[in-house]
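Here the structure comes first, spelled out in structure tokens, and everything after it is commentary.
Residue numbering restarts at 1 for every chain, and letters A, B, ... go by the order of the sequence lines. Predicted model only: the values in this text are computed from it and were never measured.
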Amino acid sequence: MTAYIAKRLLGLLPTLVLVGFLVFMLVHLLPGDPARLAAGQDATPETVELVRKDLGLDKPLPQQFLRFVNGVLHWDFGRSISTKRPVATEIGDRFMPTFWLTVWSMLWSVLFGMTIGIMSAVWRNRWPDRVGMTLAVSGISFPAFALGMVLMQIFAVDLNWLPTVGNDTWRHYILPSITLGAAVAAIMARFTRSSFVDILGEDFIRTARAKGLDERRVVIKHALRNALIPVVTMMGLQFGFLLGGSIVVEKVFNWPGLGRLLVDAVDMRDYPVIQALVLLFSLEFILINLIVDVLYGLINPTIRYR
Amino acid sequence: MATLPAAVQGVVSGERVRTPWSEFWRKFKRQKIALVAGVFVVLLVVVAIAAPWIVPYDAENYFDYDKLNAPPSLAHWFGVDALGRDIMSRILMGARISLAAGFLSVAIGAVVGTLLGLVAGYREGWWDRVIMRICDVLFAFPGILLAIAIVAILGGGMTNVIAAVAIFSVPTFARLVRGNTLALKHLTYIEAARSLGANARTIIFRHIFPGTISAVVVYFSLRIGTSIITAASLSFLGMGAQPPTPEWGAMLDAARSDMLTAPHEAIFPALAIFLTVLAFNLLGDGLRDALDPRIERR
């Protein structure tokens, strides 16, 4: 098991280096001079040269890349152009709100989506299936920002049940998590259903039924465990979707998280912040997929770690 | 007689021969919902093409200052926005932008991805490793993050959004086609073609590519929905279409400040995106069920 994880981590190295290189190149692909960008529009040529030296932009590219990697390893992403604060501090302040938002969204959407998926598969082509799958296809077709605006209008403004913006109490989390998780719940429901339908047609399910087990036991004990295997993989992929979706949802609910920070940074052309965030989001995604792969092995005993 | 292929048997017994196309149509027309969705998509395309001639008002340059934020009426079916523009005209013109963005980006992604997938699957070895590694890297950027990064480099605007969404569709198609190619290339008919002296290009395009088409078509349709949402999301974030362009996501963003007094400004663009994406998704589901040989009247 440990050997397997180590092997997977090693296998990730080339991807990590390439991702890091792309993110590093982000600033160099920009039209214009990165030193002038960092110094500001009305800096004198002397200041620009100073900044160039200070940021190491006068060194050859490979050396700059090593310096960038070294910085990242020491949690140093430079300073934000707009606030002049270290990028690491900016991100530190914004990390937890986004983290909890994603976690709550994932939890409810997986539970809700899988329940709908299982019910649809068990009562296939009957009304629970029709209702569930109509909900699901609507869920993947309704954009998150529109859903967020609708929910906010109904539950925060018209009914006044929940707060509109901010993240002070648990009640603030309800609407943004529903908005962010809706599409994932829909995808999970569709995927769980098809995975379950496949499993329910297998011989071992027929055997379980033939030996007189009641249907609930067949579904929960025999089908669920096997149907979960592809569903867990899907969950990992959906996490990336959540990370991306949080960018949009945070704008709707004015959430003080990383997504909002990224949108503002793109607006302000604050490249050190963009660089750090793109890197952070992809690292998180890669890491989660690794965890999912390991989980996959835990619930599927037919997979041997080599 | 029993050993003859089905098509030959049909000819011998006087039955109508089933071409792949008629077989597809036979299965597809059973799916009433997908059929309705398909008709809706065709209508949308017609409306999008005809939009400049059928809009009641100029979408960008007509301003009715007496009716700012006015709700739907006979003169303005979908109401008027905060600047006095007719929302229906803007929605109709917006259909052009969203459909073009969705279709173009997926088309570019599908062509590039399919080519890469065919090469990777057929050649294997180094080609495969390099291409799949690039796909892994593209996959390492979650959701619309890659698009945002590309827009951050290239700048905002619809053209760059299309480029960004296209790049992020490439790996999906590449993986899909590679998988199919790997499965197909060991079949006997490919071996037969090779032993007759067909070169790699002929084998890939004449013999393997047709076998991957049905999967690509299904993904294409489902992917258009995702791409329309992604493009609209980028515009909503202020990185896509710039004002006064009547893009649906940008219209929703503009409507946010008037949600209390003029909810119709948000409702119509939201409905437009929802119905369009829903139609493409339902059509894609129908195509999948009709083209997947494993699904027969389940």
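- Using a 4.5 Å cut-off on side-chain heavy atoms (C-beta onward), Val137(A) and Asp285(B) make contact.
- Contacts between Val278(A) and chain B at a heavy-atom distance below 4.5 Å involve backbone atoms as well as side-chain atoms.
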Show the numbers, then the answer: is there a side-chain contact (heavy atoms from CB on, under 4.5 Å) between Met149(A) and Phe236(B)? CA-CA 12 Å; Met149(A) 285 170 69; Phe236(B) 176 81; 4.1 Å; yes
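- Between Phe145(A) and Ile229(B), the closest heavy-atom pair is CE2-O, 4.4 Å.
- When atom types are taken as modelled, the side chain of Lys251(A) and the backbone of Asp253(B) share no donor-acceptor pair closer than 3.5 angstrom.
- Between Phe280(B) atom CZ and Ile140(A) atom CD1 the span is 13.5 Å, to the nearest 0.5 Å.
- Here Leu252(B) is the residue among Leu252(B), Ile228(B), Thr226(B), Ile150(B) with the most heavy-atom pairs under 4.5 Å with chain A.
- For a residue to count as touching a neighbouring chain, one of its non-hydrogen atoms must lie under 4.5 Å from one of that chain's; by this rule Leu22(A) touches chain B with the side chain only.
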Between Leu237(B) and Val266(A), does the side-chain contact (heavy atoms from CB on, under 4.5 Å) criterion hold? Intermediate values first, please. CA-CA 10 Å; Leu237(B) 293 175; Val266(A) 172; over 6 Å; no
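- Highest contact tally toward chain A, considering only Gly249(B), Ser233(B), Ala279(B), Gly238(B), is held by Ser233(B) [criterion: heavy-atom pairs under 4.5 Å].
- The contact between Leu243(A) and chain B is made entirely by side chain atoms (from C-beta outward), counting heavy-atom distances below 4.5 Å.
- The two atoms that bring Ile273(B) and Pro143(A) nearest to each other are CG2-CG, 3.6 Å, heavy atoms only.
- Shown here is Phe65(A), whose CZ atom has more than 12 heavy atoms of other residues, nucleotides or ligands within 6.0 Å.
- For the residue pair Val263(A) and Met239(B), the shortest heavy atom distance occurs at CA-CE, 4.1 Å.
- Atom OH of Tyr219(B) is surrounded by 12 or fewer heavy atoms from other residues, nucleotides or ligands within 6.0 Å.
- In this model, a donor atom of one side chain and an acceptor atom of the other lie less than 3.5 Å apart for Ser141(A) and Asn281(B).
- Separation of atoms OG (Ser138(A)) and CG (Leu275(B)) is listed at 10.0 Å; rounding is to 0.5 Å.
- Nearest approach of Leu262(A) to Ile148(B), heavy atoms of both residues: CD2-CG2, 4.1 Å.
- For the atom pair Thr15(A) OG1 and Arg133(B) CZ, the distance stands at 4.0 Å (nearest 0.5 Å).
- Under a cut-off of 6.0 angstrom, the local environment of CG in Leu43(B) is crowded, with over 12 non-hydrogen atoms contributed by other residues, nucleotides or ligands.
- In this structure, the separation between CD on Gln153(A) and CZ on Arg256(B) is 13.0 Å, given to the nearest 0.5 Å.
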